[in-house]
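Computed from a predicted structure; not experimentally measured.
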Amino acid sequence: MSKRYTIGIDYGTESGRAVLIDLADGAEVAEHVTPYAHGVMAKQLPKGGVMLEPEWALQHPRDYIEVLEKSVPKVLAEAGVHPSDVIGIGIDFTACTMLPIDEDGEPLCFHTAFANRPHAWVKLWKHHAAQDEANEINRIGAERGEAFLQRYGGKYSSEWMIAKVWQIFNEDRQLFDEADAFLEGTDWVTSQMTGTIVRNSCTAGYKAMWHKQDGYPEDVFFEALHPDLKRLTATKLRGDIRAPGEAAGNLTKEMAERMGLLPGIAVAVGNVDAHVSVPATGVVTPGKLVMAMGTSICHLVLAEEEKEVEGMCGVVEDGIVPGYFGYEAGQSAVGDIFAWFMEHGVTSDLVEEAKQKNIPLHALLEEKAAAYQPGETGLLALDWWNGNRSTLVDTNLSGIILGMTLQTKSEEIYRTLLEATAFGTKKIIEAFTKAGVEINELVACGGLPQKNNLLMQIFADITNLEIKVAASKQTPALGAAMYASVAAGEAAGGYATIFAAAEKMARVQERSYKPNAERAQVYKEIYKEYSKLHDYFGKGENDVMKTLRCVRDKTKGGVVHA
């Protein structure tokens with residue numbers, strides 16, 4: 001029997017990556033990246049269109065289809081694999097990344113009448129302009145004692161589906177009325193491959209208030225938001241909801257021709273990039289926290305019971321792997337903070353030194369920052385450059401660096417920012433363990449663990465936990481391909497369960513990062529100061545960050561607005 005393959009496609013923030021996976025052992029046979037032609041639209045709509053307000057982050061849905069048309073044929077050609085040997089395809093996506101569609105499943109931004117309307121476009125996960133709506137959802141939900149609120153750690157985020165839908169309702173009622181439905185990006189792309197709209201239980205649970213046993217909140221809650229939203233879930237959020245590993249349908253003839261595949265192969269239900277990474281690291285049982293580390297971090301852990309955890313992003317039954325409750329928390333900016341610093345905070349002499357040594361700037365910064373011991377920089381930072389996702393769930397918070405002097409060096413600030421993100425993760429781990437969710441080991445995946453040894457050692461020292469690293473460099477795509485093998489099934493050459501797929505296809509590196517007892521003790525003391533700052537600025541004692549944001553908004557464009 002010839003080899004069998006599936007294709008996993010990882011839709012990230014800036015590009016989409018297709019990876020061809022050998023089902024026998026999970027080997028990544030070929031990969032191809034297609035950058036999004038329109039990138040992230042944070043300032044203006046395409047072709048000189050409308051200027052956007054602060055905290056907006058949009059994308060162009062056509063970019064997603066180009067990934068299918070360009071990257072899938074490329075991996076087949078590179079590997080020399082015949083389409084008949086590919087039995088399924090699966091995708092993962094950033095979330096909540098959502099868009100409004102018409103009755104035919106077309107995005108409203110494709111309509112000439114709506115092309116210059118910001119709310120017609122895809123709202124990326126880091127679109128934070130729905131904070132006012134999130135605040136009201138939390139207020140009304142708390143007043144009513146809504147059960148869903150505790151499944152989100154007590155606060156529903158502006159990043160999630162209902163807040164974004166309500167923002168559209170409030171700011172462009174005509175477009176809201178025109179929308180036949182609101183979909184996650186992962187469900188829309190899957191629908192383009194199958195011709196049928198199927199929602200996935202992962203995003204429905206973690207982002208849209210859906211619960212496996214209870215369904216969506218009752219209509220009376222949405223009516224409390226606004227009378228015209230009473231039937232929201234039965235109308236614009238309607239649809240079949242299926243769990244990870246199930247088939248969303250089969251690849252249509254039209255899309256098969258555009259992708260270079262055979263029609264009829266299984267298309268797995270859409271998934272989330274971080275969540276699908278968990279089984280790809282081999283984690284299919286409780287006790288291990290998976291950190292999907294990139295521009296942000298998603299923290300995911302399995303448990304046998306549903307518990308209330310402060311500030312978690314969600315808990316969903318079967319949300320990650322069948323038979324367990326999957327918990328999610330996260331940090332809104334990690335790699336993004338490091339990238340910001342390398343662009344705006346590094347002195348020219350270091351930039352020149354990196355050029356002279358012909359090494360990446362981040363490698364030089366890591367080398368110099370590694371020379372410092374914990375506490376030696378005299379600096380401390382809060383990692384809120386893009387708000388706080390967990391445990392405070394507040395996108396209006398911002399970053400801070402404390403202890404700067406005229407002698408402070410770029411590499412010292414860089415190390416401090418690395419430490420700040422690790423302190424943020426420790427705060428999340430504490431929330432889980434306090435609630436009775438066991439965590440005794442960390443498993444890291446994503447781009448950051450592959451290229452930043454110092455970061456990983458700092459995480460181990462600050463959390464005082466051993467960290468294992470996924471062997472795959474493309475963990476989300478591998479996870480999507482694993483679920484595609486389950487959707488295809490044993491008869492087609494795939495696997496019966498994700499547990500069977502993980503046993504054969506998932507691996508971690510032999511090397512791990514173990515905490516150093518001396519450094520861990522020093523960081524334990526510094527963490528006490530981090531916690532004081534965290535509570536002081538994050539829990540209402542000093543709202544200066546929010547005050548400054550309000551002043552900024554009032555003086556936008558050089559004009560003071562009353």
Side-chain angles (χ1 to χ4, degrees), residues 1-12 15-34 67-68 70-92 244-245 251 259-262 265-268 271 273-284 290 292-294 321 443-451 468-512:
M1 183 178 178
S2 63
K3 285 188 174 241
R4 288 290 181 261
Y5 304 86
T6 54
I7 294 174
I9 302 179
D10 174 31
Y11 282 94
S15 62
R17 183 187 305 271
V19 184
L20 183 68
I21 302 292
D22 187 331
L23 295 186
D25 57 5
E28 296 155 18
V29 181
E31 65 176 89
H32 184 269
V33 177
T34 298
V67 176
L68 302 179
K70 293 180 179 180
S71 288
V72 172
K74 285 287 188 181
V75 296
L76 293 174
E78 179 183 332
V81 168
H82 193 274
S84 61
D85 293 328
V86 178
I87 65 170
I89 187 166
I91 70 171
D92 68 81
L251 190 63
M259 297 167 64
L261 294 170
L262 297 184
I265 65 171
V267 178
N271 215 314
D273 49 3
H275 301 66
V276 79
S277 298
V278 174
T281 67
V283 175
V284 290
V290 176
M293 305 179 71
V321 299
V443 181
C445 62
L448 288 179
Q450 305 292 339
K451 61 184 180 181
K468 295 181 179 178
V469 179
S472 171
K473 294 182 179 179
Q474 311 299 340
T475 317
L478 171 60
M482 288 168 61
Y483 272 119
S485 75
V486 177
E490 283 185 296
Y495 292 96
T497 67
I498 194 63
F499 302 98
E503 184 177 348
K504 295 289 187 180
M505 300 172 70
R507 303 179 308 281
V508 294
Q509 297 178 12
E510 291 185 9
R511 174 193 180 184
S512 68

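When atom types are taken as modelled, the side chain of Tyr483 and the backbone of Asp92 share no donor-acceptor pair closer than 3.5 angstrom. Counting only distance, with no hydrogens or angles, the side chain of Thr6 and the backbone of Ala481 share a donor-acceptor pair below 3.5 Å.
The minimum heavy-atom distance between Ala477 and Val19, with the atom names listed, is CB-CG2, 3.5 Å. The shortest non-hydrogen separation linking Ala18 to Val72 is CB-N, 4.3 Å. Nearest heavy-atom pair, Thr475 versus Ser277, reported as atom, atom and distance to 0.1 Å: CG2-O, 3.6 Å. Considering every non-hydrogen atom in both Gly260 and Leu76, the closest pair reads O-CD1, 3.3 Å. When all heavy atoms are compared, the tightest approach of Thr281 to Ala470 is CG2-CB, 3.9 Å. In terms of heavy-atom proximity, Ala444 sits nearest to Met293 at CB-SD, 3.9 Å.
Taking CD1 of Ile21 as the start and CD1 of Ile89 as the end, the distance is 12.0 Å to the nearest 0.5 Å. In this structure, Ser485 OG and Met505 CE are separated by 5.0 Å, a value rounded to the nearest 0.5 Å. With rounding to the nearest 0.5 Å, the separation of CD in Gln474 from SG in Cys445 is 11.0 Å. Interatomic distance, Lys3 NZ to Asp25 CG, rounded to the nearest 0.5 Å: 6.0 Å. Taking CG from Leu23 and CE from Met482, the interatomic distance works out to 10.0 Å, rounded to the nearest 0.5 Å. Here the straight-line distance linking atom CD1 of Ile7 with atom CD1 of Ile265 works out to 6.5 Å at 0.5 Å rounding.
Taking 4.5 Å as the limit, some side-chain heavy atom of Asp22 sits within range of a side-chain heavy atom of Tyr5. Residues Glu28 and Leu20 have side chains not in contact (no heavy-atom distance under 4.5 Å, counting atoms from C-beta outward). Looking at heavy atoms from C-beta onward, Val276 lies out of side-chain contact with Pro244 at the 4.5 angstrom threshold. Residues Val283 and Val321 fail the side-chain proximity criterion, which asks for heavy atoms closer than 4.5 Å. With a 4.5 Å cut-off on side-chain heavy atoms, Asp273 and Asp10 count as touching.
Shown here are the salt bridge (Lys or Arg N to Asp or Glu O under 4.0 Å) partners of Glu31, two or more places apart in sequence or in another chain: Arg17. Tyr11 pairs by the ring-ring contact (aromatic ring centres under 6.0 Å, His included) definition with Tyr64, Phe93, not counting sequence neighbours.
A side-chain N or O of Ser71 and one of Thr34 form a donor-acceptor pair less than 3.5 Å apart.
The neighbour count for Glu78 CD, taken as heavy atoms of other residues, nucleotides or ligands under 6.0 Å away, is above 12.
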